[in-house]
Structure formats: C-alpha cells, structure tokens
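Working notes for the structure below.
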Amino acid sequence: MNMATEHLNASPLTQLLQRQRSSYLAAPNPNYATRVEQLTRLKAAILQFKTPLVEALSQDYGHRSIDDSLISDIMPVINNINYSLKNLKKWLKPSARHAGLLLAPAKVTVHYQPVGVIGIIVPWNFPVMLSIGPLVTAIAAGNHAMLKMSEFTPATNQVIKQLLAHVFDESHVAVVEGEADVAAAFSALPFDHLLFTGSTTVGRHVMRAAANNLTPVTLELGGKSPVIIAPDMPLEIAVERMIYGKCLNAGQICVAPDYVLCPKSKVDEFIAAYRTKFNAMYGAINHNKDYGSIINTRQFDRLMTVLDDAKAKGAHVISATDEAIDSQHRKLATQLITHTSEDMLLMQEEIFGPLLPIISYDTLDEAIQYINHRARPLALYVMSFDEPTQQKILQQTHSGGVCINETVFHVAADDAPFGGIGPSGMGHYHGKEGFLTFSHAKTVLSRGRFNTGKFVHPPYGTVIQRILMKLFLR
C-alpha cells in the first residue's frame, strides 16, 4: 500500500495529525522571531475575542459570572503570553555544561528543540485557560498542536476555533470536538507529547492509550485537596482566605478546597464564620450574577446524589444560605457537611462542586496523618501564621502544590511549575518547566581537531590507559 492510499484510508484524526506532522517537519525548529510573532498575534486575537468568549462561557454554563471568566479564564492566558514573551529568548539559549576531565578538551551544550506535534485534551471547567494556556507554552517551545475540546462547552469551543483560525492554519493548530469516542481515539494518536487535564479515572485510560505509542504524557488530574486550619489561626481569617477558592466557578475547580480539617472545638465557629462571609460576598445566590451555575444537569444530579448519600448515612448538612436549592438554574450554595464517614461517596471521590466536608481533629499530628493515609492531593492549603506549624506540615506531607494562608492562587504563578503527584498527576507545565516539558533537551558534544578519545582506543593496556585507570578509578 503506498502512502497516498494510506492517507485516504486513515481516520480524519489521523489525517489531521499527518498534516500537522508534515507541516512541522517543513520547519522543525522555528526561530525566536517566528515564535514571538505567533504569540503576539495570539494575544491580540484573545483580546479581540474577549467578549464573545465570556458570553459563550456563560451560555455553556447556563450562567457564569463575567468576572469569574475574566479573572480565571482570560487573564491567566494573557499573563502567560506576556511572561513567555519576556523569557523566551533566555529559554532558547543553549545551556553550557561541563565536559569533565575525561572528555577534555570538548564542548558540551544542551539544546532545547521542539518535540513536534502535541495533543492537548481540555476539560470543561476552564476551557479557555486549559486549552490556550498549554497551547501558549507549546508554541513558545516551537511545536504544533491539536486541541480536543470538551463536548460540554460547545459555544466556547466555536469561539476558540474562530479565534485560533485568525492566527494559525489548521496544519499548525487545530481544534477537535466530539464525544467520549472521539476523546478515546484522540488519546490513542501517536503524538510527540500528550497533555491531559481531567479526572484521575479518565487519566488512567489516557495513559494506557498513550503507552501503546510510547507517547510521553503530562497528566493534570485532581483529587481531594485539603485545607488544614491550624489551632493558632483565627477562623474569620481562615474563612476569608479559603472561601474564594471554594466558591469560584461554584467549586468546579481541580484545585478547589475539597474538605477542611478543623480543630474539634472550633467546628461550629467555622460554620458560623463561613456562613457570615458567604452572605457578605454573595447574599442570595439564585439571582446573583456573581455566583455561577453548575455546568449541566448531569453534574448537578451527580452532586445531589453525593449530598443525598451523605445525608442518608448520617451526615449533618448546613447550607451557606437559607435559600432553597435552585435546581432549575443549577445554583447551589456551599453545603457545609459534618459527621462524615468513610463509606460516604463524599469522602471517596473528588467533589468538584460546592459541597464542603468538615473533618474535626484533636491534634495537628492527627490532621497530618489523615492526609498522609490518603491519595496525594493536587493541592494542600495551610491556614496558620505560626512558622513552625507551617514547616511541619510542609515537611511531613506530599502534594502537587501548597498555598499557605491562601487557596488556588498558586496556579496563577507564571514563574513556577504546576503539576500533581501520584494519583493527582505527573509532569509539569507553566513557566520554564512547561517550556522544558514541550521541548527535547538534546545534548551536543563537540570536539575540535585534537582528539583525546583515541587514547582509550584498542589495543588496550597502553601506558596512557593505565594512567587514566588509576586517575579515574579511585
């Protein structure tokens, strides 16, 4: 079968990948000026489509706060582009390394080369930031990319497709849509790197599919990210520092606080402080433009099932407001939940919504042990102004990232890596680490006319070789 026939028989996804790979190979290492021009045009397009993006996001959700979309979806992408433009020249510069005495005289450098075509699988919760954000890093590293958008954000997908078409030909950057079968086929393509953001369960399937092609993967997953409220922390301040992270996008964030570990004697006080602060920030939510909806009926029903399961098994539930739950518009205030048990769905899976279990503890060691006996989380939040307490928690726990006296904002740190550990993910993107993830670090050893390598050539046993053995084997 010739190549033309193979191309005709290939699936549309495979044909698109072949087009992208051919386009990449025609210019496999774009220079600094080309990458800057692409990023600059991408930034201009995002700003041009800012209003349509925000409107589409609200359409997909039923309602989504304009400010939530600007702050959490649009602004991080613009900041990422600005940061990449500022640092790209430095990242592209070959890194000089030491050759060592054995290889002298020789020059060793590490060159950062694009890997090729990158697949990016995008979730529904932040479809702009989690599609264009990784794309910015992929372009900065000189790659081509295919984006598989979520089937739950069709309006946003169309705007993103139009936006990217203003900047890139489809052979350079392409948008793919479709249901779960398309996502499965997409993850099975032989990309040069695959970035997946989503649940741990689906992440396992993605990694399994990628393994068949030996495709390197970066998995940005989730898990149950805890908040430890230390005994020294005033509860009003603790709530003030964490509530935005739980309420942004109605809690539909991979790094949202999933549960709270609170000193046993302060649980009631924490609930009262949370309700007071929630009502000061949002008041009545059912007709509040600042508070978003659960994205669709499927996710709303999932949350209600988890909540009903907890109630049936003995949990106490106190809503952050006195309003009835608005199932028609899928509005759900934070549900503060105590008396939880391990057999509840609430405590077995990532919540990804405005349900907040509160786990009481007697000692800080008990709280640390509770975290360490569970899967390593994507984020850990420490509420304490006591430095020894902060250091103890940092040193004795594992998590993808940590915020001290804050939640979720570490994701916005452009000059630092973001990623999980164990079930919460593998690999990093953001910052220089993202550039390195989407680049191949190629070691180059170079010699001049004088060749010291010949001193170790056969026949063995020469005087110089015996001297070298004594010098280096000691």
Side-chain angles (χ1 to χ4, degrees), residues 29-54 56-57 65-93 95 112 114-115 118 120 122 125-145 147 156 159-168 172-173 175 193 195 197 218 220 244-245 248-249 253-255 401 403 406 408-419 427-439:
N29 200 356
N31 61 27
Y32 169 74
T34 298
R35 302 184 199 193
V36 166
E37 187 263 344
Q38 291 167 350
L39 291 173
T40 302
R41 290 176 58 210
L42 178 57
K43 176 182 174 180
I46 295 166
L47 294 174
Q48 178 185 343
F49 282 83
K50 177 180 66 176
T51 299
L53 282 170
V54 169
L57 285 162
S65 162
I66 292 173
D67 294 282
D68 276 4
S69 292
L70 289 173
I71 291 170
S72 60
D73 253 313
I74 311 289
M75 193 184 300
V77 175
I78 297 298
N79 288 343
N80 187 4
I81 293 175
N82 292 338
Y83 170 81
S84 298
L85 288 170
K86 181 179 178 181
N87 291 278
L88 183 56
K89 184 175 288 187
K90 179 172 58 179
W91 295 342
L92 285 171
K93 185 178 180 181
S95 171
Y112 301 99
V115 295
I118 293 174
I120 300 171
V122 184
N125 60 325
F126 292 103
V128 179
M129 181 182 74
L130 296 176
S131 61
I132 301 181
L135 175 63
V136 168
T137 308
I139 296 301
N143 298 283
H144 291 215
L147 282 61
T156 306
V159 179
I160 289 176
K161 185 179 290 187
Q162 294 171 36
L163 183 162
L164 293 176
H166 271 62
V167 184
F168 303 101
H172 195 156
V173 175
V175 173
H193 196 102
L195 169 68
T197 305
T218 299
E220 297 299 342
Y244 180 75
L248 177 66
N249 204 32
I253 315 176
C254 60
V255 290
C403 285
E406 191 53 273
V408 310
F409 280 103
H410 65 298
V411 179
D414 289 314
D415 196 30
F418 176 77
H428 296 91
Y429 72 118
H430 292 196
K432 182 178 180 181
E433 284 78 7
F435 175 85
L436 295 176
T437 292
F438 293 153
S439 300

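- Pairing each heavy atom of Leu88 with each of Ala140, the nearest pair is CD1-O, 3.3 Å.
- Atom CD1 of Ile66 and atom NZ of Lys50 lie 11.0 Å apart (nearest 0.5 Å).
- In Ile71, the CD1 atom is crowded: over 12 heavy atoms of neighbouring residues, nucleotides or ligands sit closer than 6.0 Å.
- Annotation: side chain of Lys43 is in contact with side chain of Ile78 (closest heavy-atom distance under 4.5 Å).
- The closest side-chain donor-acceptor pair between His193 and Thr437, if any, does not fall under 3.5 angstrom.
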**Prompt:** Going through the checks in order, is the side-chain contact (heavy atoms from CB on, under 4.5 Å) test met by Gln48 and Leu163?
**Reply:** CA-CA 8 Å; Gln48 178 185 343; Leu163 183 162; over 6 Å; no

**Request:** I would like to know whether Ile160 and Ser131 meet side-chain contact (heavy atoms from CB on, under 4.5 Å); could you show each step before the answer?
**Result:** CA-CA 9 Å; Ile160 289 176; Ser131 61; 3.6 Å; yes

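- Under the 30°/60° scheme for interplanar angles, the aromatic rings of Phe418 and Tyr429 are found to stand perpendicular.
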**Prompt:** Does the pair Asp73 and Leu53 meet the rule for a side-chain contact (heavy atoms from CB on, under 4.5 Å), with working shown?
**Reply:** CA-CA 9 Å; Asp73 253 313; Leu53 282 170; over 6 Å; no

**Asked** Could you walk me through whether Leu42 and Val173 pass the side-chain contact (heavy atoms from CB on, under 4.5 Å) check?
**Response** CA-CA 11 Å; Leu42 178 57; Val173 175; over 6 Å; no

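- In this structure the side chain of Val36 reaches within 4.5 angstrom of the side chain of Leu85, judged on heavy atoms.
- Within the model, atoms CD1 of Ile120 and CG of Leu147 stand 4.5 Å from one another, a figure rounded to the nearest 0.5 Å.
- Contact of the Asn82 side chain with the Lys86 side chain is not registered, since no non-hydrogen atoms from C-beta on lie closer than 4.5 Å.
- With rounding to the nearest 0.5 Å, the separation of CG in Leu130 from CG in Asn125 is 6.0 Å.
- For the atom pair CG of Leu436 and OG1 of Thr137, the computed distance is 11.0 Å after rounding to the nearest 0.5 Å.
- Between Phe49 and His166, the ring planes are perpendicular. Angles over 60° get that label, and only those under 30° would be called parallel.
- Scanning all heavy atoms of the two residues, the minimum distance from Val136 to Ser84 falls at CG1-OG, 3.8 Å.
- Residues Pro417 and His428 come closest through the heavy atom pair CB-CD2, 3.6 Å.
- Contact annotation: the side chain of His430 approaches that of Val411 to within less than 4.5 Å [non-hydrogen atoms, C-beta and beyond].
- Closest non-hydrogen pair, Thr156 versus Pro127, comes out as CG2-CG, 3.9 Å.
- Contact record, Gly245 with Ile253: O-CD1, 3.8 Å, taken as the closest heavy-atom pair.
- Side-chain atoms of Asn143 never come within 3.5 Å of backbone atoms of Pro114 as a donor-acceptor pair (strictly under, hydrogens ignored).
- Taken from OH in Tyr244 to CD in Glu406, the straight-line distance is 10.0 Å, to the nearest 0.5 Å.
- Atoms CG and CZ, on Leu57 and Phe126 in that order, are 10.0 Å from each other to the nearest 0.5 Å.
- Taking all atoms of both residues into account, the shortest heavy-atom contact from Ala145 to Leu135 is CB-CD1, 3.7 Å.
- Using a 4.5 Å cut-off on side-chain heavy atoms (C-beta onward), Leu248 and Ser72 make contact.
- Between Tyr83 and Trp91, the ring centre distance stays below 6.0 Å.
- Residues Phe168 and Ile139 are in side-chain contact: their nearest non-hydrogen atoms beyond the backbone lie under 4.5 Å apart.
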